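These notes are about the structure you will find just below.
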Amino acid sequence: MATDYRFSFGPWNIHEGADPFGPTVRPTIQFADKLPFYKELGFDAVQFHDDDAVPNIDEKSPAEVEKGATEVRRMLEGEGLVAEFVAPRLWESPAGIDGGFTSNDPECRAWAIGRLKQTADICDILGTRLIVLWLAREGTYVRESKNAIEAHHQLVDAINQVLEHNKNIEIAIEPKPNEPADQAYIPTIGHALALAHRTADPSRVGGLIETAHALLAGLDPSDDMAFALAEGKLWSVHLNDQNGLKFDQDKSFGSANLRGAYNQVRVLELAGYAETGRFVGLDVKAMRTQKADAANKHLTNSREVFLKLVDKVRTFPKDLEQQCTADRDYEALELAVLSHLMGG
Ligand code: GLO
Ligand code: MG
(Lines give C-alpha, C1' and ligand atoms only; values in the text may rest on other atoms or scores of the structure.)
(Ligands and ions follow the chains in the order given, each with its own letter.)
Protein backbone atom coordinates (compact mmCIF):
# COMPACT_ATOMS: atom_id res chain seq x y z
CA MET A 1 0.00 0.00 0.00
CA ALA A 2 1.30 3.45 -0.93
CA THR A 3 2.52 5.46 2.02
CA ASP A 4 4.15 8.46 0.37
CA TYR A 5 1.11 10.75 0.47
CA ARG A 6 0.44 12.94 3.50
CA PHE A 7 -3.13 13.74 4.49
CA SER A 8 -4.96 16.63 6.15
CA PHE A 9 -8.46 17.62 7.18
CA GLY A 10 -10.07 20.53 8.98
CA PRO A 11 -11.59 20.46 12.48
CA TRP A 12 -14.96 21.29 10.89
CA ASN A 13 -14.87 17.82 9.29
CA ILE A 14 -15.59 16.38 12.75
CA HIS A 15 -18.98 17.87 13.44
CA GLU A 16 -22.30 17.64 15.23
CA GLY A 17 -24.41 16.70 12.21
CA ALA A 18 -26.79 19.66 11.98
CA ASP A 19 -28.33 20.27 8.55
CA PRO A 20 -30.70 22.98 7.30
CA PHE A 21 -33.65 20.78 8.34
CA GLY A 22 -32.63 19.59 11.76
CA PRO A 23 -30.46 20.33 14.76
CA THR A 24 -27.23 18.73 15.91
CA VAL A 25 -27.30 14.99 16.61
CA ARG A 26 -23.84 14.48 18.09
CA PRO A 27 -22.11 16.21 21.01
CA THR A 28 -19.62 18.99 20.33
CA ILE A 29 -15.98 17.98 20.48
CA GLN A 30 -13.65 20.82 21.45
CA PHE A 31 -10.79 21.68 19.11
CA ALA A 32 -8.17 20.49 21.63
CA ASP A 33 -9.94 17.13 21.88
CA LYS A 34 -10.00 16.73 18.10
CA LEU A 35 -6.23 17.07 17.72
CA PRO A 36 -5.33 13.62 19.10
CA PHE A 37 -7.60 12.06 16.44
CA TYR A 38 -5.35 13.27 13.63
CA LYS A 39 -2.41 10.88 14.07
CA GLU A 40 -4.70 8.11 15.29
CA LEU A 41 -6.66 8.30 12.04
CA GLY A 42 -3.53 8.54 9.83
CA PHE A 43 -3.36 12.30 9.23
CA ASP A 44 -0.37 14.64 9.54
CA ALA A 45 -1.73 18.13 9.07
CA VAL A 46 -4.54 20.39 10.20
CA GLN A 47 -6.45 22.74 7.89
CA PHE A 48 -7.49 25.86 9.76
CA HIS A 49 -9.97 28.65 9.48
CA ASP A 50 -8.57 31.77 11.14
CA ASP A 51 -11.24 31.45 13.84
CA ASP A 52 -10.57 27.73 14.33
CA ALA A 53 -7.14 28.89 15.50
CA VAL A 54 -8.44 31.97 17.35
CA PRO A 55 -12.16 31.76 18.22
CA ASN A 56 -14.17 35.03 18.28
CA ILE A 57 -11.38 36.61 16.29
CA ASP A 58 -13.31 39.79 15.46
CA GLU A 59 -13.48 40.65 19.16
CA LYS A 60 -9.79 40.15 19.87
CA SER A 61 -6.88 42.58 19.88
CA PRO A 62 -3.81 41.82 17.72
CA ALA A 63 -1.93 40.81 20.90
CA GLU A 64 -4.71 38.39 21.88
CA VAL A 65 -4.76 36.91 18.37
CA GLU A 66 -1.00 36.40 18.52
CA LYS A 67 -1.27 34.77 21.94
CA GLY A 68 -4.09 32.46 20.82
CA ALA A 69 -2.27 31.38 17.65
CA THR A 70 0.96 30.80 19.56
CA GLU A 71 -0.89 28.50 21.94
CA VAL A 72 -2.30 26.55 18.99
CA ARG A 73 1.19 26.18 17.51
CA ARG A 74 2.31 24.71 20.83
CA MET A 75 -0.63 22.29 20.79
CA LEU A 76 0.21 21.19 17.22
CA GLU A 77 3.82 20.56 18.16
CA GLY A 78 2.68 18.54 21.17
CA GLU A 79 0.77 16.23 18.82
CA GLY A 80 3.50 16.07 16.15
CA LEU A 81 1.22 17.86 13.68
CA VAL A 82 1.69 20.77 11.28
CA ALA A 83 -0.72 23.35 9.91
CA GLU A 84 -1.44 22.94 6.20
CA PHE A 85 -3.19 26.26 5.65
CA VAL A 86 -5.26 29.00 7.23
CA ALA A 87 -8.46 30.27 5.55
CA PRO A 88 -10.24 33.49 6.59
CA ARG A 89 -13.81 32.50 7.53
CA LEU A 90 -15.50 35.72 6.44
CA TRP A 91 -18.86 34.12 5.69
CA GLU A 92 -19.94 33.64 9.33
CA SER A 93 -19.42 37.24 10.50
CA PRO A 94 -22.18 39.86 10.28
CA ALA A 95 -19.74 42.07 8.35
CA GLY A 96 -19.44 39.37 5.69
CA ILE A 97 -23.17 39.01 5.06
CA ASP A 98 -22.97 40.37 1.51
CA GLY A 99 -19.46 39.09 0.83
CA GLY A 100 -16.36 40.77 2.26
CA PHE A 101 -14.05 41.85 -0.55
CA THR A 102 -16.96 42.52 -2.91
CA SER A 103 -19.41 43.97 -0.40
CA ASN A 104 -21.10 47.18 -1.44
CA ASP A 105 -20.21 48.59 1.99
CA PRO A 106 -16.66 50.04 2.05
CA GLU A 107 -16.38 49.36 5.80
CA CYS A 108 -17.08 45.68 5.22
CA ARG A 109 -14.48 45.60 2.43
CA ALA A 110 -11.88 47.12 4.74
CA TRP A 111 -12.80 44.60 7.46
CA ALA A 112 -12.38 41.69 5.01
CA ILE A 113 -8.95 42.88 3.88
CA GLY A 114 -7.96 43.31 7.54
CA ARG A 115 -9.00 39.71 8.28
CA LEU A 116 -7.05 38.50 5.24
CA LYS A 117 -3.88 40.25 6.41
CA GLN A 118 -4.41 38.89 9.91
CA THR A 119 -4.74 35.40 8.39
CA ALA A 120 -1.25 35.85 6.95
CA ASP A 121 0.03 36.79 10.42
CA ILE A 122 -1.59 33.64 11.85
CA CYS A 123 0.05 31.57 9.08
CA ASP A 124 3.45 32.87 10.20
CA ILE A 125 2.74 31.85 13.78
CA LEU A 126 1.37 28.40 12.83
CA GLY A 127 4.33 27.80 10.51
CA THR A 128 2.61 27.57 7.13
CA ARG A 129 2.94 29.72 4.02
CA LEU A 130 -0.48 28.81 2.62
CA ILE A 131 -3.70 30.82 2.80
CA VAL A 132 -6.77 29.19 1.26
CA LEU A 133 -9.30 31.62 -0.10
CA TRP A 134 -12.75 30.11 -0.47
CA LEU A 135 -14.80 33.09 -1.64
CA ALA A 136 -18.04 31.92 -0.08
CA ARG A 137 -20.26 35.01 -0.26
CA GLU A 138 -18.31 36.86 -2.97
CA GLY A 139 -21.12 36.74 -5.48
CA THR A 140 -24.78 37.65 -5.63
CA TYR A 141 -28.32 36.47 -5.05
CA VAL A 142 -29.58 39.28 -7.28
CA ARG A 143 -27.31 40.02 -10.20
CA GLU A 144 -28.21 43.69 -10.34
CA SER A 145 -27.14 44.22 -6.72
CA LYS A 146 -23.43 44.51 -7.55
CA ASN A 147 -21.17 45.58 -10.37
CA ALA A 148 -19.56 42.26 -11.30
CA ILE A 149 -16.72 43.91 -13.24
CA GLU A 150 -15.84 46.01 -10.21
CA ALA A 151 -16.07 42.88 -8.02
CA HIS A 152 -13.29 41.16 -9.94
CA HIS A 153 -11.05 44.23 -9.54
CA GLN A 154 -11.86 44.24 -5.81
CA LEU A 155 -10.79 40.59 -5.50
CA VAL A 156 -7.47 41.30 -7.23
CA ASP A 157 -6.96 44.35 -5.03
CA ALA A 158 -7.58 42.33 -1.83
CA ILE A 159 -5.11 39.64 -2.90
CA ASN A 160 -2.53 42.24 -3.87
CA GLN A 161 -2.82 43.84 -0.45
CA VAL A 162 -2.07 40.60 1.40
CA LEU A 163 0.77 39.74 -1.00
CA GLU A 164 2.28 43.13 -0.15
CA HIS A 165 1.57 42.73 3.58
CA ASN A 166 3.42 39.41 3.77
CA LYS A 167 6.11 38.57 1.23
CA ASN A 168 6.25 34.92 2.26
CA ILE A 169 2.62 34.01 1.94
CA GLU A 170 1.05 32.11 -0.96
CA ILE A 171 -2.65 31.93 -1.71
CA ALA A 172 -4.66 29.01 -3.07
CA ILE A 173 -8.06 30.10 -4.34
CA GLU A 174 -10.76 27.42 -3.80
CA PRO A 175 -13.41 27.90 -6.50
CA LYS A 176 -17.06 26.95 -6.07
CA PRO A 177 -19.89 27.92 -8.41
CA ASN A 178 -22.69 28.45 -5.88
CA GLU A 179 -23.78 27.95 -2.26
CA PRO A 180 -24.10 30.01 -0.20
CA ALA A 181 -24.31 32.61 -3.01
CA ASP A 182 -26.66 31.96 -5.91
CA GLN A 183 -23.84 32.81 -8.33
CA ALA A 184 -20.24 33.00 -7.13
CA TYR A 185 -17.71 35.24 -8.84
CA ILE A 186 -14.97 32.60 -8.98
CA PRO A 187 -16.89 29.48 -9.99
CA THR A 188 -14.11 27.40 -11.56
CA ILE A 189 -10.36 26.85 -11.41
CA GLY A 190 -10.14 28.59 -14.80
CA HIS A 191 -11.55 31.76 -13.25
CA ALA A 192 -9.29 31.37 -10.22
CA LEU A 193 -6.09 31.02 -12.23
CA ALA A 194 -7.00 33.80 -14.64
CA LEU A 195 -7.43 36.04 -11.60
CA ALA A 196 -4.14 34.74 -10.18
CA HIS A 197 -2.31 35.83 -13.33
CA ARG A 198 -3.67 39.37 -12.88
CA THR A 199 -2.28 39.82 -9.36
CA ALA A 200 0.93 41.64 -8.46
CA ASP A 201 2.80 38.33 -7.93
CA PRO A 202 1.21 35.47 -9.90
CA SER A 203 3.92 33.09 -8.67
CA ARG A 204 2.32 33.24 -5.21
CA VAL A 205 -1.29 32.70 -6.25
CA GLY A 206 -2.61 29.26 -7.19
CA GLY A 207 -5.55 26.99 -6.54
CA LEU A 208 -7.16 24.32 -4.40
CA ILE A 209 -9.60 22.03 -6.19
CA GLU A 210 -12.49 20.40 -4.36
CA THR A 211 -14.09 17.41 -6.05
CA ALA A 212 -17.67 18.42 -5.22
CA HIS A 213 -17.16 22.02 -6.33
CA ALA A 214 -15.89 20.95 -9.76
CA LEU A 215 -18.85 18.59 -10.13
CA LEU A 216 -21.31 21.32 -9.11
CA ALA A 217 -19.85 23.43 -11.94
CA GLY A 218 -20.51 20.53 -14.35
CA LEU A 219 -16.79 19.86 -14.74
CA ASP A 220 -14.60 16.81 -14.35
CA PRO A 221 -12.52 17.08 -11.14
CA SER A 222 -9.57 15.14 -12.56
CA ASP A 223 -9.40 17.36 -15.64
CA ASP A 224 -9.67 20.44 -13.43
CA MET A 225 -6.75 19.10 -11.40
CA ALA A 226 -4.81 18.37 -14.59
CA PHE A 227 -5.34 21.96 -15.73
CA ALA A 228 -4.01 23.36 -12.46
CA LEU A 229 -1.14 20.86 -12.40
CA ALA A 230 -0.13 21.83 -15.93
CA GLU A 231 0.05 25.43 -14.70
CA GLY A 232 2.11 24.36 -11.65
CA LYS A 233 -0.69 25.69 -9.47
CA LEU A 234 -2.40 22.79 -7.73
CA TRP A 235 -1.39 23.66 -4.20
CA SER A 236 -3.96 21.54 -2.37
CA VAL A 237 -7.06 19.47 -2.94
CA HIS A 238 -10.31 18.92 -1.09
CA LEU A 239 -11.19 15.39 -1.99
CA ASN A 240 -14.76 14.29 -1.40
CA ASP A 241 -17.66 13.21 -3.60
CA GLN A 242 -20.98 14.49 -4.87
CA ASN A 243 -24.02 12.60 -6.11
CA GLY A 244 -25.41 14.78 -8.89
CA LEU A 245 -26.29 18.46 -9.04
CA LYS A 246 -27.73 19.25 -5.65
CA PHE A 247 -26.51 20.85 -2.43
CA ASP A 248 -22.80 20.54 -1.66
CA GLN A 249 -22.72 17.06 -0.14
CA ASP A 250 -19.07 16.54 0.84
CA LYS A 251 -19.54 12.77 0.68
CA SER A 252 -16.66 10.42 1.43
CA PHE A 253 -14.10 10.20 -1.36
CA GLY A 254 -15.10 7.69 -4.02
CA SER A 255 -18.49 6.96 -2.47
CA ALA A 256 -20.59 8.28 -5.38
CA ASN A 257 -18.26 7.76 -8.34
CA LEU A 258 -15.40 5.37 -7.79
CA ARG A 259 -14.06 5.74 -11.31
CA GLY A 260 -14.09 9.52 -10.97
CA ALA A 261 -12.10 9.11 -7.77
CA TYR A 262 -9.68 6.75 -9.55
CA ASN A 263 -9.09 9.38 -12.21
CA GLN A 264 -8.36 12.07 -9.62
CA VAL A 265 -5.80 9.79 -8.00
CA ARG A 266 -4.40 8.91 -11.43
CA VAL A 267 -3.81 12.53 -12.34
CA LEU A 268 -2.11 13.20 -9.00
CA GLU A 269 0.11 10.17 -9.64
CA LEU A 270 0.88 11.33 -13.20
CA ALA A 271 2.01 14.67 -11.79
CA GLY A 272 4.12 13.21 -8.97
CA TYR A 273 1.98 15.21 -6.52
CA ALA A 274 3.19 13.23 -3.49
CA GLU A 275 6.78 14.31 -4.16
CA THR A 276 5.84 17.99 -4.15
CA GLY A 277 5.24 17.76 -0.39
CA ARG A 278 1.74 19.19 -0.81
CA PHE A 279 -0.98 17.57 1.27
CA VAL A 280 -3.91 15.47 0.15
CA GLY A 281 -6.67 17.37 1.90
CA LEU A 282 -10.10 15.99 2.60
CA ASP A 283 -13.24 18.10 2.99
CA VAL A 284 -15.79 15.46 3.95
CA LYS A 285 -18.88 15.42 6.15
CA ALA A 286 -20.03 12.56 8.32
CA MET A 287 -23.57 11.44 7.51
CA ARG A 288 -26.13 12.83 9.96
CA THR A 289 -27.22 9.26 10.65
CA GLN A 290 -23.80 8.32 12.01
CA LYS A 291 -23.62 7.61 15.76
CA ALA A 292 -21.25 9.77 17.79
CA ASP A 293 -18.87 6.94 18.63
CA ALA A 294 -18.37 6.11 14.95
CA ALA A 295 -18.43 9.59 13.42
CA ASN A 296 -14.84 9.67 12.12
CA LYS A 297 -15.23 6.86 9.59
CA HIS A 298 -15.81 9.30 6.71
CA LEU A 299 -12.18 10.42 7.26
CA THR A 300 -10.55 7.01 7.54
CA ASN A 301 -12.71 5.60 4.74
CA SER A 302 -11.76 8.44 2.38
CA ARG A 303 -8.07 7.98 3.16
CA GLU A 304 -8.30 4.21 2.73
CA VAL A 305 -10.11 4.52 -0.60
CA PHE A 306 -7.48 7.03 -1.78
CA LEU A 307 -4.62 4.67 -0.89
CA LYS A 308 -6.35 1.67 -2.46
CA LEU A 309 -6.83 3.70 -5.63
CA VAL A 310 -3.13 4.67 -5.62
CA ASP A 311 -2.45 0.97 -5.65
CA LYS A 312 -4.94 0.48 -8.50
CA VAL A 313 -3.27 3.22 -10.54
CA ARG A 314 0.18 1.79 -9.94
CA THR A 315 -0.83 -1.75 -10.84
CA PHE A 316 -2.82 -0.95 -13.97
CA PRO A 317 -1.16 -2.85 -16.85
CA LYS A 318 0.72 -0.09 -18.69
CA ASP A 319 1.48 -2.31 -21.68
CA LEU A 320 -2.24 -2.91 -22.17
CA GLU A 321 -2.90 0.83 -21.93
CA GLN A 322 -0.25 1.47 -24.58
CA GLN A 323 -1.58 -1.28 -26.82
CA CYS A 324 -5.17 -0.03 -26.55
CA THR A 325 -4.23 3.57 -27.28
CA ALA A 326 -1.94 2.53 -30.15
CA ASP A 327 -4.79 0.48 -31.64
CA ARG A 328 -7.27 3.27 -30.86
CA ASP A 329 -9.32 0.56 -29.17
CA TYR A 330 -10.77 2.65 -26.40
CA GLU A 331 -13.58 0.16 -25.78
CA ALA A 332 -10.92 -2.36 -24.78
CA LEU A 333 -9.26 0.25 -22.56
CA GLU A 334 -12.58 1.05 -20.93
CA LEU A 335 -13.22 -2.60 -20.07
CA ALA A 336 -9.66 -2.99 -18.79
CA VAL A 337 -10.13 -0.01 -16.42
CA LEU A 338 -13.49 -1.27 -15.18
CA SER A 339 -12.19 -4.82 -14.72
CA HIS A 340 -9.14 -3.54 -12.86
CA LEU A 341 -11.35 -1.49 -10.53
CA MET A 342 -13.59 -4.50 -9.95
CA GLY A 343 -10.57 -6.56 -9.02
CA GLY A 344 -10.02 -8.80 -12.00
C1 GLO B 1 -17.36 24.85 1.38
C2 GLO B 1 -15.91 24.80 1.33
C3 GLO B 1 -15.27 24.99 2.69
C4 GLO B 1 -13.82 25.38 2.56
C5 GLO B 1 -13.19 25.67 3.89
C6 GLO B 1 -11.77 26.19 3.74
O7 GLO B 1 -18.05 24.52 0.48
O8 GLO B 1 -15.49 23.62 0.72
O9 GLO B 1 -15.40 23.82 3.45
O10 GLO B 1 -13.09 24.39 1.93
O11 GLO B 1 -13.95 26.59 4.56
O12 GLO B 1 -11.82 27.49 3.31
MG1 MG C 1 -13.57 22.81 0.58
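FYI, side chains are in, hydrogens and waters are out, and symmetry mates aren't considered; it's all heavy atoms of this structure. When a ligand or atom number is given, it counts from 1 through the structure's own listing order. All of these numbers come straight from a predicted model, not from anything done at the bench.
D105 and W111 share no side-chain donor-acceptor pair at under 3.5 Å. Using modelled atom types and a 3.5 Å distance limit, the side chains of R303 and T300 yield no donor-acceptor pair. Donor-acceptor pairing under 3.5 Å is lacking for the side chains of Q264 and S222. Between Q323 and D327, the side chains place a donor N or O and an acceptor N or O closer than 3.5 Å (distance only, hydrogens not considered). Side chains of D241 and N257: a donor-acceptor N/O pair is absent below 3.5 angstrom, by distance only.
Side-chain atoms of F316 and D311, non-hydrogen and from C-beta on, never get closer than 4.5 Å to each other. Between R259 and V337, some side-chain heavy-atom pair lies under the 4.5 Å cut-off. With contacts defined as side-chain heavy-atom distances shorter than 4.5 Å, the pair H15/K285 qualifies. Looking at V237 and E210, their side chains never come closer than 4.5 Å, going by heavy atoms from C-beta outward.
Within the protein, the number of N/O/S atoms found under 2.8 Å from the Mg ion (ligand 2) is 4.
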N or O contacts of ligand 1 with protein under 3.5 Å, please list pair by pair.
unit_1	atom_1	unit_2	atom_2	d
ligand 1	7 (O)	K176	NZ	2.8
ligand 1	7 (O)	H213	NE2	3.2
ligand 1	7 (O)	D248	OD2	3.0
ligand 1	8 (O)	E174	OE2	2.9
ligand 1	8 (O)	E210	OE1	2.7
ligand 1	8 (O)	H213	NE2	3.2
ligand 1	8 (O)	D283	OD2	2.9
ligand 1	9 (O)	D283	OD2	2.7
ligand 1	10 (O)	E174	OE1	2.7
ligand 1	10 (O)	E174	OE2	2.8
ligand 1	10 (O)	H238	ND1	3.1
ligand 1	10 (O)	D283	OD2	3.0
ligand 1	11 (O)	H49	NE2	2.6

